[in-house]
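Just so we're on the same page: letters track the sequence lines, and every chain starts at 1.
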2 protein chains.
Amino acid sequence: MFSIGQLSKQTGVKVPTIRYYEQVGLLVSAGRTEGNQRRYDKEGLERLGFIRHARDLGFSIEAITALIDLQQHPDRSCQEATEIAQHQLTDVREKLLRLKALETELVRIADGCDGEGSSEECYVLASLADHEHCRGEH
Amino acid sequence: MFSIGQLSKQTGVKVPTIRYYEQVGLLVSAGRTEGNQRRYDKEGLERLGFIRHARDLGFSIEAITALIDLQQHPDRSCQEATEIAQHQLTDVREKLLRLKALETELVRIADGCDGEGSSEECYVLASLADHEHCRGEH
DNA sequence: TCTTGAAGCTCTAGTGACTAGAGGTTGTAG
DNA sequence: CTACAACCTCTAGTCACTAGAGCTTCAAGA
């Protein structure tokens, strides 16, 4: 049995975050001591590892809840899990496209100015003031 | 003079968001009508355009406040503005790297499973459960 | 001039995924 | 047995909005 602190050390998830996961129904402790402190078993440790990994990959708490639900019903099709993962992938790809466009624009803005002179004629400020300067959309 | 709704239509920023910007000190209306409704002039319209553009590029409210502050003191160096933009660029590039890694990982996970069979042997779930499967770090 | 209704107003609370702090209790090593 | 690190609960704060309640004002048509 592990205390919440031990679980935290082993997974790298902060203690208040573990309590938060309990609050939202993601991870329940195996039980409590007489003094009301949480105790976890190996299953809890594994589940927290799963949650951590999924969060690192950007899955929402909601999506993770759905995935855990699937884990607990092995009779259900794997298709749902794949759909959730595909959805996440689409999401990441959209963000990637957007960020790439932003990068291009920011390079143009940030590098267009040598940092000298007064802010009155600053290229950064002028670029932000006037969208017309932009090459792509965002 | 424009009403808040006209400002909203011209810039594409929602009415409650404009009020929010006032609340955090980003955009003050030129004045109020006798009936307490906000009225904006051309300067307000331009400033909201500036804010909108900067937000689209991912600048935080805090950074935008600093940039506007610079605009209003044309005697101050342009360097600060450039620094803020460079910082934002660094930030975007970090996010890009991270997202690219995630994409790779998600492709591996989401495409490794044909969606058939039960969730018991689902590759998505197995991959999320075991970080060891991962190629890169995240 | 009156009426209607869209648009405006303020205020509070909710979102997601935590994080911080107050103020009190428990577990454990020496 | 004592000290103190680690635990507990609860509330409130973060960011950048968004939603809703309940009210008032503005402007166009009759």
Inset, instruction - State plainly whether one hydrophobic cluster holds both B/Tyr123 and B/Val107, where clusters connect Ile, Leu, Val, Met, Phe, Trp and Tyr through side-chain heavy atoms under 4.5 angstrom apart. - result: no
Could you run down the sub-3.5 Å N/O contacts of the protein with nucleotides 2-8 of chain C?
residue: C/dG8; atom: OP1; partner: B/Ser3; partner atom: OG; Å: 3.2
residue: C/dG8; atom: OP1; partner: B/Gly5; partner atom: N; Å: 2.6

Legend entry - Nearest-angstrom distance from the residue atom CD1 of A/Ile18 to C1' of C/dC18: 13 Å
Inset, instruction - Would you indicate, yes or no, if C/dC18 has its OP1 or OP2 atom less than 4.0 angstrom from a side-chain nitrogen or oxygen of A/Lys14? - result: no
Legend entry - Any residue meeting side chain to side chain donor-acceptor pair (under 3.5 Å) with A/Arg93, in chain and number order, not counting sequence neighbours: B/Glu103
Inset, instruction - Kindly give the heavy-atom pair with the smallest separation between A/Ala85 and B/Leu106, and that separation in Å. - result: O-CD2, 4.4 Å
Inset, instruction - Treat each ILVMFWY residue as a node, draw an edge where side-chain heavy atoms are under 4.5 Å apart, and state whether B/Leu89 and B/Leu97 are in one component. - result: no
Inset, instruction - State whether A/Arg108 and A/Glu105 are salt-bridged, where the test is any N-O pair (Lys NZ or Arg NE/NH1/NH2 against Asp/Glu carboxylate O) under 4.0 Å. - result: yes
Inset, instruction - Can you sort out which residues in residues 20-34 of chain B have a heavy atom within less than 4.0 Å of DNA chain C? Ascending by number, please. - result: B/Arg32
Legend entry - Flag side-chain contact, heavy atom, 4.5 Å: A/Tyr40 against A/Gln10: no
Inset, instruction - Quick one: list whatever passes side chain to side chain donor-acceptor pair (under 3.5 Å) with B/Glu46, sequence neighbours left out. - result: B/Lys42
Inset, instruction - Please list, chain by chain and in numerical order, all residues satisfying side chain to side chain contact (heavy atoms under 4.5 Å, CB included) with A/Phe50, sequence neighbours excluded. - result: A/Ile64, A/Leu67, A/Ile68, A/Gln71, B/Leu125, B/Leu128, B/Ala129
Legend entry - Over 12 foreign heavy atoms within 6.0 Å of CD, A/Glu62: no
Inset, instruction - Provide the start and end nucleotides, 5' to 3', of the part of DNA chain D that has atoms under 4.0 Å from heavy atoms of chain B. - result: D/dA16 to D/dC26
Inset, instruction - Can you tell me the distance, in whole Å, between the CD1 atom of A/Ile61 and the C1' atom of C/dC18? - result: 9 Å
Inset, instruction - Taking the side chain as every heavy atom from C-beta outward, state whether B/Ile4 and B/Gln37 have any atom pair closer than 4.5 Å. - result: no
